[in-house]
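Have a look at the structure below, then the notes.
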Amino acid sequence: MENLYNKTKFMLNKYKLSANKNLGQNFLINDEVVEKIVESADVGKEDLIIEIGPGLGNLTEYLLKRAGKVIAIELDERMIEILRDRFFLYDNFELLNQDVLKVDLKKLIQDNKNTRIKNAKIVANLPYYITTPIIMKLLEEELDIESITVMIQKEVADRLIAKPGSKLSGAITYCVYYYATSESVTIVENNSFIPEPSVDSEVIKLLIRKKHPVDLKDETEFFKLIKVSFMQRRKTLINSIVNGGILSSKEEAKALFDELGLDYNTRGETLTIEQFTEISNYIVDKNKN
Ligand code: SAM
């Protein structure tokens, strides 16, 4: 831990900086954890790595040594000068001073893939205040990427990588499962950061699926159904579907449940993705007729 801890303290002093909590700045100072992230992301010379929120560059330095190219996207202007100073010797480094949520990642990846750079991967210690919108953007835009290896809050990680239909599952569980397989890489102690975050952290890896696990007749309708089903956790699925405007009456919903052999008291969080698919596809067919 010595090495990154000292470097971080030194840089904060040199540039007279303190972490901006509003931007979710918790700098990683544990070399072992950084190595584990890079290792599990399987970073190599044929890879384009997109790093979200490089901060002072603690993870970036390890990525630059291993990757074909690193494009780092950082919102905080104060970090830009530091990163330029720190990595001016690396010719495989590109820095964008932008809000990641506004970046056209599809184009960025397209423009940077070539005969030498064959795969794109996302690696980051994410700003926790926008974890979910970032992950959803990365998945929903169906980017040409192989994997997403990120540090996030443990509580969010639990939900993201839960098995659909298990106790911890939420709407986002089904979304993640639809686009990727997932695994936990490591749990990270709070003293691995400056300043220490108030929540526990975990590194997870999402491997983008080549083929979706279910055949949806309409993705938008499916995700609307999932969202509505988890909006009011204590309600039965029939009530959620009707209150959420997916079907217009309880009678209609009951007819659907009869058809699919589901109990009227079923709650959304107990259903598998296959069962949600059946419901969604049934509704899509019905609306067509
Ligand atoms: N990667 C560094 C590390 O591990 O030490 C810093 C990680 S820190 C948890 C999150 C970083 O994301 C900060 O540098 C912060 O300024 C940056 N950030 C916050 N919001 C952002 C946004 N919308 N777009 C890009 N970067 C952002």
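Atoms within a ligand are numbered from 1 in the order they appear, just like the ligands themselves.
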I need the atoms of ligand 1 closer than 4.0 Å to a non-hydrogen atom of [X], numbered in the order shown.
{"X": "Q98", "answer": "24 (N), 25 (C)"}
{"X": "F27", "answer": "5 (O), 6 (C)"}
{"X": "L126", "answer": "9 (C)"}
{"X": "I73", "answer": "25 (C), 26 (N)"}
{"X": "D76", "answer": "16 (O)"}
{"X": "Y129", "answer": "19 (C), 20 (N), 21 (C), 23 (N)"}
{"X": "N26", "answer": "7 (C), 8 (S), 9 (C)"}

*Relative to atom 14 (O) of ligand 1, which among Q25, E74, E51 owns the nearest non-hydrogen atom?*
E74

_Minimum non-hydrogen distance to atom 18 (N) of ligand 1, winning option of S201, P197, P127_ =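 Of the listed residues, P127 has the closest heavy atom.
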
Specify the protein heavy atom at minimum distance from [atom]: its residue, its atom name, and the distance to 0.1 Å.
{"atom": "atom 24 (N) of ligand 1", "value": "V100 N, 3.0 Å"}
{"atom": "atom 1 (N) of ligand 1", "value": "G53 O, 2.8 Å"}
{"atom": "atom 5 (O) of ligand 1", "value": "L28 N, 2.8 Å"}
{"atom": "atom 19 (C) of ligand 1", "value": "L23 O, 3.2 Å"}
{"atom": "atom 26 (N) of ligand 1", "value": "L75 N, 3.4 Å"}

_Please confirm whether L56 approaches ligand 1 to less than 4.0 Å, judged on its heavy atoms._
no

_Q25 and R78: CA distance, side-chain angles, deciding distance, side chain to side chain donor-acceptor pair (under 3.5 Å) verdict_ = CA-CA 12 Å; Q25 290 180 350; R78 302 174 311 159; 3.2 Å; yes

Flag side-chain contact, heavy atom, 4.5 Å: [X] against [Y]:
{"X": "T173", "Y": "L168", "answer": "no"}
{"X": "I117", "Y": "E46", "answer": "no"}
{"X": "L216", "Y": "E219", "answer": "yes"}

[X]-ligand 1 polar pair, N/O distance under 3.5 Å:
{"X": "P54", "answer": "yes"}
{"X": "I52", "answer": "no"}
{"X": "L59", "answer": "no"}
{"X": "N125", "answer": "yes"}
{"X": "D99", "answer": "yes"}
{"X": "G24", "answer": "no"}

*asked:* Ring-plane angle category for F276 and F222, please: parallel below 30°, perpendicular beyond 60°, tilted otherwise.
replied: perpendicular

_Does the plane of the ring in F223 sit parallel, tilted or perpendicular to the ring in Y179? Use 30° and 60° as the thresholds._
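Ring orientation of F223 relative to Y179: parallel.
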
*Would S184 and E202 count as having a side-chain donor-acceptor pair, cut-off 3.5 Å?*
yes

_NZ or CZ of K69 within 45° of F93 ring axis and under 6.0 Å_ =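 No - K69 does not lie over the ring of F93 by the 6.0 Å and 45° rule.
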
*If you look at every heavy atom in T149 and S40, which pair is closest and at what distance?*
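The answer is CG2-OG, 3.6 Å.
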
_Using every non-hydrogen atom in the two residues, find where N125 and L59 come nearest and quote the distance to one decimal._
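For N125 versus L59, the nearest heavy atoms are N-CD2, 4.0 Å.
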
_Matching residue for K217 among N281, D285, T277 - test: side-chain hydrogen bond (donor to acceptor under 3.5 Å, both in side chains)_ =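 It is D285; the other options fail the test.
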
*How about K45: does its NZ atom have over 12 heavy atoms from other parts shown lying under 6.0 Å from it?*
yes

_side chain to side chain donor-acceptor pair (under 3.5 Å) between E61 and Y90, worked out_ = CA-CA 10 Å; E61 182 162 8; Y90 286 89; 4.7 Å; no

